[in-house]
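Input: a single structure, listed below in structure tokens.
Note that ligands are numbered from 1 as they come in the structure, with each ligand's atoms numbered from 1 the same way.
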Amino acid sequence: MLADLEAAERYGFDYIDLRSDTLDAYLRSSAPEDLAEWFRSHRLKPHTYSALMFFNWRRSRADRQELLDEVRRLIPVFNSIDLKTIAVIPSANIAEHATVGEIEDDAVVMLNKIADLCEPHGISVALEFIGSGAFTINRFDTAYDIVSTVNRTSVGIALDVFHFHAMGSDCKDLAESDGRKIINLHLNDVEHLPIGAPYLTDEKRLWPGDGCVDKARLAEALHASGFDTSTVPAAVEVFRPEYYELSVDENVSTAYRKTKSFVEQYLTEQ
Ligand code: ZN
């Protein structure tokens, strides 16, 4: 993991989102304090933990308790490296045919429980809706209703361009939202495939600017919402198998170049 962090710093990134599997693997052989020491001696800073999986629609008390115990385990790690945001991912492939209303009510309760634990430590919670029919929260409008009902400044949305596109979230909903509730922005692009197609998966992601997403329209909606690009750093998130074939240097330098040009072209106020 440290080699990846070194590369991210070398090619110009200011922040890094820490993948849960990567962090867990690191912590099996090192202490959180070792990672804290690395960040203290480098310019690169941790931004978001990505992610706490399947936070909602846990049907038993034991299942809910297990999730909250995981949050309690993570908080001291976040505190030691001064990480301030945790992304939470909704549950998928649930057995019940739950309505949107039932899913929203449950998610509000769970987000409040998570925020009760995180907020005293200055840690925010970012709900990331996942653009796939399998997921309980898969569109911007649903995620926005949930965080609006929660109504805490420490609870917001992670807007991932791929997920926004992949279930046909509406730029009109985004434009009419309060952009201050968008606390994470994941940049990428996607091949031109039918909305809702089972093969429209993470593997079809492309570098920001390289695919079919209507970037100008999305950027216009983000600006209309009052989203502040100066306070929310843009993260690049691509899970394309071909990109994993690249060397770390080529991968990270391309990610930086494509993200920077996307931000300059679409997100920086003219
Ligand atoms: Zn994402």
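Taking a cutoff of 4.0 Å between a charged side-chain nitrogen and a carboxylate oxygen, R217 and E220 do not qualify as a salt bridge. R43 has a carboxylate O that lies under 4.0 Å from a charged side-chain N of D14, or vice versa, which qualifies the two as a salt bridge. A salt bridge between D116 and K113 is absent, with no side-chain N of the basic residue lying under 4.0 Å from a carboxylate O of the acidic one.
Looking at E128 and the Zn ion (ligand 1) together, the shortest N, O or S contact belongs to OE2.
Rounding to the nearest 10°, we obtain 90° for the angle at the Zn ion (ligand 1) between D160 OD2 and E237 OE1.
Among the backbone and side-chain atoms of H186, an N/O/S atom is found under 2.8 Å from the Zn ion (ligand 1).
Both cation-pi conditions hold for R59 and W57: the charged atom is under 6.0 angstrom from the six-membered ring centre and inside a 45 degree cone around its axis.
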